Amino acid sequence: MGVINVTPDSFSDGGLFYDEAKAIEQGLALAEEGADLIDVGGESTRPGCEPTEAGEEMERVLPVIEALARHCPAVVSIDTYKAEVAAAALEAGAQIINDITALRGDKRMAALAADRGAGLILMHMRGDPRTMQEKPEYNDVAAEVRDFLAAQAGLALDAGVAPESIVVDPGIGFGKTLEHNLQLIRDLPLLAELGYPVLLGASRKRFIGTLTGREEPRGRVWGSVGVHLLGAALGADILRVHDVAPLREALAVNDAVMLREAHLAN
Ligand code: HH2
């Protein structure tokens with residue numbers, strides 16, 4: 001899954017794709033590099049960030065989604081927790097709703113996904129972006145995240161969402177310390193046990209900067225490739241990244257090795 005932030009203030013690419021034409025061009029480029037999904041967002045959710053108004057968010061994302069749905073071979077997802085924005089995005093051609101609040105943000109989201117037969121990504125976040133990094137604490141982070149996602153998936157099922165439409169995501173960096181993030185990645189197999197596809201989104205995030213000494217998010221590409229490759233080996237099915245080409249190349253080598261192993265095992 002390639003990421004496009006049609007925002008002036010995202011942590012990862014700071015307004016690079018705020019311009020509609022540049023965002024569309026980037027979506028096409030990411031698909032060319034091998035992305036199967038393109039995630040389009042119109043509100044930054046970086047720590048401490050204030051919410052964006054729905055009308056503004058729609059103005060940012062709808063033209064980009066319309067163009068990509070028409071001209072891009074990848075499936076488009078909308079990164080929003082507002083049902084109003086999600087509904088308009090589905091109308092414009094998106095097929096998946098990426099809800100970082102896992103249905104907590106807008107009670108109408110599950111019914112919308114069910115009615116429209118859309119894919120639904122449920123992500124764990126502690127609190128909201130404004131406050132999530134203020135002293136995050138868990139007794140057992142992996143178990144708590146898994147139980148929360150199981151419960152939210154249950155709500156989606158109750159609303160009529162098909163089980164095969166649901167994806168779960170531990171929400172790396174959303175109300176987590178470095179150690180919480182690392183534990184969640186180690187314990188991806190626990191999350192996979194829920195039986196839904198697992199999404200890992202660690203691309204260019206702060207903990208990679210902490211581990212590599214890279215202050216500038218755009219300099220965190222190699223650390224990102226490393227963590228997503230490991231994530232795939234630990235059971236992640238969807239890797240949400242800003243840099244598709246480097247990860248595709250790493251996965252090509254990884255897959256050749258793993259398939260060879262599978263072949264030998266047979
Ligand atoms: N991370 C971000 C945004 N949306 N959605 C899912 N499902 N999983 C994630 O890990 C995730 C997400 C944050 O990254 P980015 O979109 O680059 O930044 P910003 O929120 O500043 O636009």
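Counting starts at 1 for both ligands and their atoms, in listed order. Atom set for the values below is all heavy atoms of this structure, side chains included, hydrogens, waters and symmetry mates excluded. On a predicted model such as this, the values are computed, not experimentally measured, just so you know.
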*Check whether any side-chain heavy atom of R218 sits under 4.5 Å from a side-chain heavy atom of H242, and report yes or no.*
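R218 vs H242: side chains apart.
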*With I38 as reference, evaluate I96, V64, I4, I65 under the side-chain contact (heavy atoms from CB on, under 4.5 Å) test and give the passing residue.*
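That would be I4.
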*Kindly tell me which protein residues have any non-hydrogen atom under 4.0 angstrom away from an atom of ligand 1, grouped by chain and ordered by number?*
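Contacts of ligand 1 under 4.0 Å: N5, S10, F11, S12, S44, T45, R46, D79, N98, I100, I121, M123, D169, F174, L199, G201, K205, R240, H242.
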Could you tell me whether [X] and [Y] have a side-chain N and a carboxylate O separated by less than 4.0 Å?
{"X": "K176", "Y": "E137", "value": "no"}
{"X": "R248", "Y": "D36", "value": "yes"}
{"X": "D128", "Y": "R104", "value": "no"}

*asked:* Could you work out, with side-chain contact (heavy atoms from CB on, under 4.5 Å) as the rule, every residue matching L178, not counting sequence neighbours?
replied: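 By the side-chain contact (heavy atoms from CB on, under 4.5 Å) rule, L178 matches L182, F207, T210, L211.
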